[in-house]
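Below is one structure, written out as C-alpha cells, with a few remarks after it.
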Amino acid sequence: MPQPYVIDELISAKAIAARIEALAREIRSSFADTDKLIVVGLLRGSFVFIADLVRELDMNVEVDFLEASSYGDAMESSREVRILKDLRGEISGRDVLVVEDIVDTGFTLDHVVRLLKTRKPRRLETIALLDKPSRRETDVKATWTGFEIPDEFVVGYGIDYAQRNRNLPYIGCVRFTDADAPV
Ligand code: PRP
C-alpha cells in the first residue's frame with residue numbers, strides 16, 4: 001500500500017499545453033521532409049503526453065506503442081528493462097519519434113533506443129516531457145525535452161505512484177505525510 005501523501009502542483013496543465021505546442025512546431029520543422037512519422041509511445045506513462053502531442057502535430061503520423069517497464073510498483077528502478085509489449089508495425093527505413101514521459105536513470109529510454117536502432121529506422125529521435133538530469137545513470141539524452149525538473153517524486157499527466165494519479169491533468173510532487181516515510 002502507498003504511504004499517505006499529498007500532491008503539490010509542479011507544472012500546470014496550461015504550462016504543459018503551451019510547451020507541447022512549441023515542441024510540436026520544432027518536431028514538424030525537423031521532420032519537414034518526412035512523408036510519415038511513426039510516433040512510438042512508451043507505455044504506460046506516455047499515454048497522456050502522446051495523445052496531446054500527436055494532436056498538435058499537423059503532419060502525417062502513424063501511432064504505435066511499446067510497453068517497457070523497470071519500476072513495476074516500486075519507487076527505485078530495477079535497472080532491468082523488460083519489454084512487455086512490442087511494436088505492431090515495422091520501422092525499418094522509417095522516421096521514428098519515441099515518446100517518453102520522464103527520463104530518470106535513463107535505463108528505459110537507453111534500452112528502447114538501442115533495441116529500435118537494431119531495426120534500422122531511417123531516423124530515430126526521442127522526446128521526453130520531463131527530464132531529471134540529476135538522477136541519470138546512463139548517457140542517454142532525449143532529442144527534445146519538455147521540462148527539466150529537480151529530483152522530486154512526480155505524478156500526474158500519465159505518471160503514477162503505485163499505479164495511482166496517472167489521470168491528474170497536471171504534474172505534481174508527492175509529499176509524504178507520514179513522518180517515517182521516505183521523502
Ligand atoms: C517509468 C516512466 C519511464 C521510466 C523512466 O516507467 O514511465 O518510462 O520509468 O525511468 P528511468 O529513466 O529510470 O528508466 P515504469 O517502468 O514505471 O512503467 P510505466 O510507464 O508503466 O509506469
Side-chain angles (χ1 to χ4, degrees), residues 1-3 5 7 9-11 13 15-16 19-20 23 27 38-54 63-88 91 96-119 121 124-176 181-183:
M1 273 298 285
Q3 305 273 4
Y5 62 100
I7 298 168
E9 184 174 286
L10 180 67
I11 308 170
I16 296 170
R19 185 71 186 118
I20 290 177
L23 287 165
I27 292 165
I38 303 186
V39 184
V40 172
L42 299 193
L43 294 173
R44 289 176 265 182
S46 74
F47 77 102
V48 179
F49 181 33
I50 191 173
D52 283 345
L53 181 66
V54 293
V63 176
D64 205 341
F65 293 96
L66 188 145
E67 184 168 8
S69 185
S70 60
Y71 285 78
D73 285 349
M75 290 169 64
E76 275 298 312
S77 170
S78 65
R79 293 170 176 74
E80 267 176 48
V81 182
R82 289 180 301 147
I83 301 298
L84 304 178
K85 180 209 166 294
D86 206 340
L87 298 177
R88 290 274 293 274
I91 59 165
V96 177
L97 177 67
V98 175
V99 179
E100 176 65 297
D101 52 336
I102 182 166
V103 182
D104 192 314
T105 63
F107 282 112
T108 305
L109 191 60
D110 187 56
H111 183 90
V112 168
V113 165
R114 283 172 197 272
L115 171 73
L116 296 186
K117 279 188 173 164
T118 65
R119 299 179 188 178
L124 188 146
E125 305 293 350
T126 55
I127 181 168
L129 181 67
L130 304 178
D131 186 12
K132 265 193 210 175
S134 60
R135 296 257 309 163
R136 196 73 84 259
E137 295 183 33
T138 61
D139 284 339
V140 76
K141 179 149 179 45
T143 317
W144 291 281
T145 295
F147 301 91
E148 219 173 80
I149 58 167
D151 186 12
E152 295 278 3
F153 185 11
V154 290
V155 290
Y157 202 75
I159 302 171
D160 73 304
Y161 169 36
Q163 303 309 329
R164 299 171 183 220
N165 308 123
R166 291 193 196 269
N167 56 330
L168 286 177
Y170 58 88
I171 301 285
C173 290
V174 169
R175 305 281 180 223
F176 292 98
V183 285

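Any value given below was found using the heavy atoms of this structure, including those in side chains, with hydrogens, waters and symmetry copies removed. We count ligands from 1, going down the list as the structure has it; atoms in each ligand are counted the same way.
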Pick one of side chain, backbone, both or neither for how [X] approaches ligand 1, counting any non-hydrogen atom pair under 4.0 Å.
X    : value
R166 : side chain
E67  : neither
D104 : both
D160 : side chain

- Message: Using every non-hydrogen atom in the two residues, find where S70 and T108 come nearest and quote the distance to one decimal.
- Response: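 It is OG-OG1, 3.4 Å.
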Proximal ligand 1 atoms for [X], defined as those under 4.0 Å from one of its heavy atoms:
X    : answer
R44  : 19 (P), 20 (O), 21 (O)
S69  : 16 (O)
D101 : 2 (C), 3 (C), 7 (O), 8 (O)

- Message: Can you tell me if R135 contacts ligand 1 (heavy atom of the residue under 4.0 Å from the ligand)?
- Response: no
- Task: For I102 and ligand 1, answer yes if some heavy atom of the residue is under 4.0 Å from a ligand atom, otherwise no.
- Result: yes
- Task: Any pair with a residue in residues 165-174 that passes salt bridge (Lys or Arg N to Asp or Glu O under 4.0 Å), sequence neighbours left out, goes on the list, sorted by first then second residue, please.
- Result: D160-R166
Below the 3.5 angstrom mark, is there an N/O of [X], backbone or side chain, next to an N/O of ligand 1?
X    : answer
T105 : yes
V103 : no
G106 : yes

- Mind checking side-chain hydrogen bond (donor to acceptor under 3.5 Å, both in side chains) for E9 and listing every partner two or more places apart, or none if nothing turns up? none
Main-chain N/O of [Y] paired to [X] side chain as donor or acceptor, under 3.5 Å:
X    : Y    : value
R19  : T145 : yes
T143 : I127 : no
Y5   : C173 : no

- Does D101 pair with R44 as a salt bridge, N-O distance under 4.0 Å? no
- Item | Check: I20 and F49 side chains under 4.5 Å, non-hydrogen atoms | yes
